[in-house]
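In what follows, a single structure is set out as C-alpha cells and then discussed.
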Amino acid sequence: MLIRVTPERLNPEEAIEAVRRDEAGAVDVFLGIVRNTNKGRAVDHLVYDAYPSMAEKTMREVAEEALERFDLTDSAVLHRTGRLEIGETSLLVAVSAGHRAATFEAGHWLVNEVKRRVPVWKKEVWADGEEWIEGPESLGMERAPATMRGS
Amino acid sequence: MLIRVTPERLNPEEAIEAVRRDEAGAVDVFLGIVRNTNKGRAVDHLVYDAYPSMAEKTMREVAEEALERFDLTDSAVLHRTGRLEIGETSLLVAVSAGHRAATFEAGHWLVNEVKRRVPVWKKEVWADGEEWIEGPESLGMERAPATMRGS
Amino acid sequence: MVITVLFFASLADAVGTRELSLAHMPGDTVASVRDRLIAAHPQVSEFTETLLYAVDEEYADEDAPVPAGATLALIPPVSGG
Amino acid sequence: MVITVLFFASLADAVGTRELSLAHMPGDTVASVRDRLIAAHPQVSEFTETLLYAVDEEYADEDAPVPAGATLALIPPVSGG
C-alpha cells in the first residue's frame, strides 16, 4: 500500500506499478489536477498546506478501509504539498481489483473520503489576492452547516 | 481525442497527457490488465484479434458519445492487439472533466461500451490448450441468450 | 464487382482464412451473402446464432443491402477489454 | 510537562505561527486547552465554530483528554484533493 504526502511531483506510473498484480485484471487511477479557474475566477496557482504525519496516517486508514469495503487487491494514495502550478497533479489515487466495477466504485469512494478526512488545505492565489479554501466537503462541514460558520 | 488500436505497448502517461487540460480538475484512467487466471484456470498468455479499422471507428463513436452524455473535456481509448503476457495492459481508457464525479461515471460507462461494441476478440492460452472467449458482454449476447447459442 | 468478406477469431480459425472475395449479385443483402457463404463453407452455419454483421465498418441487420464493392464483416461476440 | 499545539492554513496565518507550547494542567481536555489558547490568542475564537481537533494525530471530541506531552492539532475544514 503506497501512501505518501510529498512536495515532489506525483507520478501516475509509480502508483499504477504499486497496485498492479498478476491476479488483478483492472486498475483505476484518479488524478486531481490544478484547474485554471474556480467559481469563475482565474487561478494563478495553488499552495497546499498539510499536517503531513496525520495526513499519511489518515490516508492509510482510508486506503485500508477501501480494501475491506471493496474487493480490492491493493490501493495507493499520494498527495502533493507546497506550490502547485495549473495543470499539476495534487492528488493521485490508484486501486486494483480482479474486476473493473470494484475499481471505479472504490476509486470514487476513496477520493471522496480523502477530501473529507485528510488534513490538507488548499490556498487559491489569484492575480490580485489569495484565500484559504476550507470545506465544504470536510468532516467539519457536516457538524457546522454553512449558515453557522464563524466567518 | 486519442483513439488507437495497436500491437505496441500502451502507455498510461500518454493517455493522461492526451486528455489533460488546464480547465479540467479531474482525470480518471482505467487499465484493463491480463490476469493470470480466469474462472479458476491458470492463463499463460492472451492473444487479441481485432478488426482494426472498425474497432477504431467504434471506439471513436463511443468516446464521442461519452463526451455528450457526461460533462467531459476529452477522452482517450486505446486497445492493444496481438500476444499479451500476464500483467500487460490490454485496454486504456482516460477521461478528463471539470469535476471528479463525471470522470468516474464516464470512465466506467466507456469501458462497458468498449467491451460491448468494439470488434476485438480475446483468445486464452493455457498450458494445455486455448480458446477464443466470445461474449457475454457483447451486443451479440443481448440478441441471443446463452441457451440459444450455436456451439 | 465483388464483395469482400472478413472473418475473425474463432470464425477465422473455422473457415481457415481471414478474408475472401465473393461475386456480387443484384439485390444482395447480409442474409443472401451469408447464405452463399454457408453453401461454400458449411461450418459458418454453426456460428450464425450469435454472429453480428458489419457492412463497410457499420453494424448492419440481416436485411441490410450489401452493394458491389462493399466489405461484409462477420463478427463473433466481441470480447475486448 | 507541556502540550504542543499545531496550527494550519488560515488559522496558522491568523495566529502567526504553526506551533506553540503550552503548560499542561491536570485534567486537561481539548476544550480546556482551546480555552486557554483563546485567552492568549483571541483571534482563535473566530475559528472555533468549524474547527476539528486531533490529539496525537487522531480526531478527538472537545471533551477528550489531552495528556502531558501530547500534541493537539487545531484543524480547519480540510480542502485537499
Side-chain angles (χ1 to χ4, degrees), chain A residues 9-17 19-40 42-46 73 84-112 114-115 122 137, chain B residues 10-17 19-40 42-46 73 84-112 114-115 122 124 137:
Chain A
R9 289 195 67 169
L10 304 183
N11 176 3
E13 195 78 44
E14 183 191 5
I16 292 167
E17 289 312 310
V19 301
R20 197 195 277 273
R21 295 287 183 287
D22 283 356
E23 68 271 25
V27 169
D28 187 69
V29 186
F30 177 83
L31 294 87
I33 290 177
V34 179
R35 298 173 69 197
N36 59 5
T37 59
N38 189 28
K39 294 174 184 157
V43 174
D44 184 77
H45 65 275
L46 297 183
T73 42
L84 273 78
E85 307 302 328
I86 305 299
E88 290 195 301
T89 303
S90 54
L91 173 65
L92 194 46
V93 169
V95 298
S96 59
H99 298 284
R100 68 187 180 279
T103 67
F104 286 108
E105 286 169 28
H108 199 171
W109 182 87
L110 253 171
V111 174
N112 288 349
V114 165
K115 291 173 92 81
K122 166 170 37 195
E137 302 192 62
Chain B
L10 303 183
N11 175 3
E13 195 78 43
E14 183 191 5
I16 292 166
E17 289 312 310
V19 302
R20 198 195 276 274
R21 295 289 182 287
D22 283 355
E23 68 271 25
V27 170
D28 186 69
V29 186
F30 176 84
L31 294 87
I33 291 177
V34 179
R35 298 173 71 196
N36 60 5
T37 59
N38 190 26
K39 296 175 185 158
V43 174
D44 184 78
H45 65 273
L46 297 183
T73 42
L84 274 77
E85 307 301 327
I86 305 300
E88 289 195 303
T89 303
S90 54
L91 172 65
L92 194 45
V93 169
V95 298
S96 59
H99 299 285
R100 68 187 179 281
T103 66
F104 286 108
E105 286 168 29
H108 198 170
W109 182 87
L110 253 171
V111 174
N112 289 349
V114 165
K115 291 173 92 84
K122 167 170 37 195
E124 278 185 14
E137 301 192 64

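The chains referred to below are lettered A, B, ... by the order of the sequence lines, with proteins before strands, and numbering in each begins at 1. For clarity, every value in this text was computed on a predicted model and none was experimentally measured.
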Please look at B/A26 and chain A and tell me whether the side chain, the backbone, both or neither of the residue comes under 4.5 angstrom of a heavy atom of that chain. both
Nearest atoms (heavy-atom pairs only) where B/N36 meets A/E23: OD1-CA, 3.5 Å
Contact leader toward chain B among A/S96, A/G32, A/G107, A/A101, where contacts are heavy-atom pairs under 4.5 Å: A/G107
For the atom pair CD1 (B/I16) and CD (A/E13), what is the distance rounded to the nearest 0.5 Å? 8.0 Å
Write down the atom of A/R35, the atom of B/H99, and the distance for their closest heavy-atom approach. NH1-CE1, 3.2 Å
Based on non-hydrogen pairs under 4.5 Å, which of A/E105, A/H108, A/R21 is most in contact with chain B? A/H108
By the definition side-chain contact (heavy atoms from CB on, under 4.5 Å), identify the one residue from A/V27, A/L31, A/D28 that meets it with B/V29. A/L31
By a 4.5 Å heavy-atom criterion (distance strictly below it), what part of A/A94 contacts chain B: side chain, backbone, both, or neither? neither
With no hydrogens and no angle check, do the side chains of B/N112 and A/R100 hold a donor and an acceptor under 3.5 Å apart? yes
